[in-house]
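The next block holds one structure in the form of structure tokens; read it before the comments.
Because the structure is predicted, anything quoted here is derived from the model rather than measured. Side chains are part of it too, since the values below use all heavy atoms of this structure and drop only hydrogens, waters and symmetry mates.
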Amino acid sequence: MHFTSEERHEDGVLSREFTLGEIPGILWTPRSAAPTPLVLMAHNNGLPMAQPRLRARARHTAAAGYAVATIDAAGCGDRPRTAAEEQARADLRRAMGAGEPVDEIFESLVGSMVERAVPEWRTTLDALLTLPEIDGPVGFSGWTALGIRLAVADPRIRAAGFFAGGYVPRAQREEARQVTVPLLLLLQWDDEGNPRQRALDLFDAFGSEEKTLHANMGGHVGTPWFEVEDGGRFYDRHLK
């Protein structure tokens, strides 16, 4: 892991950009020098790590005493995409413009991104846990489809906060039954692009004995900021 830049913010949080082979990422750490738990943070369906909303969540979480890391995994952000992914994105734009069904296109596109992203997130986790400022345990926040696969594949994930606003492929909806870590699912009740019942069915499918659903009125990007604060209390219960 090679750190390429760093910035100390007014709240004491240190943000450092890094590369790990071809994987670009950002690590936020709190002012405290003591080793901290780690939260992996991913934006829904592979949007870039540079998204302002993700950065704001990461800084807030780091200021609360966590190391927070995000990456642009294969096919995400500005990383190169396969020809099939480029075609799926073109098909998606055309279908949305024409008002046609898009689920099968999302199935192909998101499923491919998850398959390519999970190994890189696990490689990144391996490297992060060797840093002296991080001692685990590990939580996950954000992209539901990716988080489901990671929680099933990697026993180091101890708690998960998911956003119901991204498409979850059928394979991950089936895998949800194998997720047993404590989880918090955020749902926007009026999300125009993600059917409410699908999110409720997904919540019901999770195998976790401790699972919480927070639903708020409003559309896709209307999640209130207090949910970030509630998410912090969720991680405090399970990672500290």
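A donor-acceptor distance shorter than 3.5 angstrom exists from the side chain of Glu107 to the backbone of Arg170, with no hydrogens or angles considered. Here the side chain of Ser32 pairs a donor or acceptor atom with the backbone of Ala34 at under 3.5 angstrom. When atom types are taken as modelled, the side chain of Ser208 and the backbone of Val181 share a donor-acceptor pair closer than 3.5 angstrom. Distance alone, capped at 3.5 Å, is enough to place a donor-acceptor pair between the Thr36 side chain and the Ala67 backbone. For Thr144 (side chain) and Val168 (main-chain N/O), no donor-acceptor pair under 3.5 Å exists by modelled atom type. A donor-acceptor pair is defined here as one N or O able to donate and one able to accept, closer than 3.5 Å; such a pair exists between the side chain of Gln188 and the backbone of Gly219. Side chain of Tyr66 to main chain of Asp236: a donor-acceptor pair is present (N/O by atom type, distance under 3.5 Å, no hydrogens or angles). A distance-only check finds no donor-acceptor pair linking the side chain of Arg89 to the backbone of Arg93 [under 3.5 Å].
Taking every heavy atom of both residues into account, Leu239 and Leu38 meet most closely at CD1-O, 4.2 Å.
Side-chain contact between Leu27 and Ile134 is present, with heavy atoms from C-beta onward closer than 4.5 Å. In this structure, Leu186 and Leu213 have side chains that are not in contact, with every pair of non-hydrogen atoms separated by 4.5 Å or more. Side-chain contact between Phe163 and Leu185 is absent, with no heavy-atom pair separated by less than 4.5 Å. Lys240 places a side-chain heavy atom less than 4.5 Å from the side chain of Pro37. Within the 4.5 Å cutoff, the side chain of Phe140 has heavy atoms near those of the Phe162 side chain. In this structure, Ile148 and Val114 have side chains that are not in contact, with every pair of non-hydrogen atoms separated by 4.5 Å or more. Residues Met41 and Leu54 form a side-chain contact, since some pair of their non-hydrogen atoms from C-beta on lies under 4.5 Å apart.
Under a 4.0 Å N-O distance rule, the pair Glu133/Arg16 qualifies as a salt bridge. Contact check on Asp154 versus Arg122 returns a salt bridge, with a Lys/Arg side-chain nitrogen under 4.0 Å from an Asp/Glu carboxylate oxygen. The pair Asp201-Arg196 fails the salt-bridge criterion, with no side-chain N (NZ, NE, NH1 or NH2) lying under 4.0 Å from an Asp/Glu carboxylate O. Note on Asp11 versus Arg31: no salt bridge recorded, every NZ/NE/NH1/NH2 to OD/OE distance being 4.0 Å or above.
In this structure, Gln87 CD and Arg81 CZ are separated by 13.5 Å, a value rounded to the nearest 0.5 Å. The SG atom of Cys76 sits 8.0 Å away from atom CG of Leu146, with the distance rounded to the nearest 0.5 Å. Remark: Arg237 CZ to Leu184 CG distance equals 8.0 Å, nearest 0.5 Å. In this structure, Trp121 CH2 and Arg116 CZ are separated by 15.0 Å, a value rounded to the nearest 0.5 Å. Note that CD of Gln51 is 10.5 Å distant from OG1 of Thr70, once rounded to the nearest 0.5 Å. How far CZ of Arg198 is from CG of Leu187: 12.5 Å, rounded to the nearest 0.5 Å.
Annotation: side-chain hydrogen bond (donor to acceptor under 3.5 Å, both in side chains) contacts of Glu6 (sequence neighbours excluded): none. Qualifying side chain to side chain contact (heavy atoms under 4.5 Å, CB included) partners for Thr180, counting only residues two or more places apart in sequence or in other chains: none. Asp191 meets the side-chain hydrogen bond (donor to acceptor under 3.5 Å, both in side chains) test with Asn194, His220; sequence neighbours excluded.
Remark: Glu192 CD is packed, more than 12 non-hydrogen atoms of other residues, nucleotides or ligands lying under 6.0 Å away. Other residues, nucleotides and ligands contribute only 12 or fewer heavy atoms inside 6.0 Å of the CD atom of Glu209.
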Could you please spell out the steps behind the salt bridge (charged side-chain N to carboxylate O under 4.0 Å, His left out) verdict for Asp204 and Arg177? CA-CA 9 Å; Asp204 189 53; Arg177 304 180 191 282; over 6 Å; no

Would you check, one step at a time, whether the test salt bridge (charged side-chain N to carboxylate O under 4.0 Å, His left out) holds for Glu120 with Arg79? CA-CA 12 Å; Glu120 293 197 347; Arg79 295 283 300 280; 2.9 Å; yes

Let's go through Ile26 and Ile71 carefully: what are the C-alpha distance in whole Å and the side-chain angles of both, what is the deciding distance for side-chain contact (heavy atoms from CB on, under 4.5 Å) to 0.1 Å, and is it a yes or a no? CA-CA 6 Å; Ile26 307 173; Ile71 64 171; over 6 Å; no

side-chain contact (heavy atoms from CB on, under 4.5 Å), that's the test. Do Leu125 and Leu150 meet it? Break it down for me. CA-CA 11 Å; Leu125 179 55; Leu150 276 176; over 6 Å; no

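Judged by distance alone, the side chains of Glu175 and Gln172 do bring a donor and an acceptor atom under 3.5 Å apart. Side-chain polar atoms of Glu210 and His238 form a donor-acceptor pair below 3.5 angstrom. Between the side chains of Glu85 and Ser112, at least one donor N or O sits under 3.5 Å from an acceptor N or O.
The side-chain tip of Lys211 points at the ring of Phe203 from less than 6.0 angstrom away and within 45° of straight on.
Here His9 and Trp28 keep their ring centres 6.0 angstrom or further from each other.
The aromatic rings of Phe106 and Tyr167 sit parallel, their planes meeting at an angle under 30°, below the 60° perpendicular limit.
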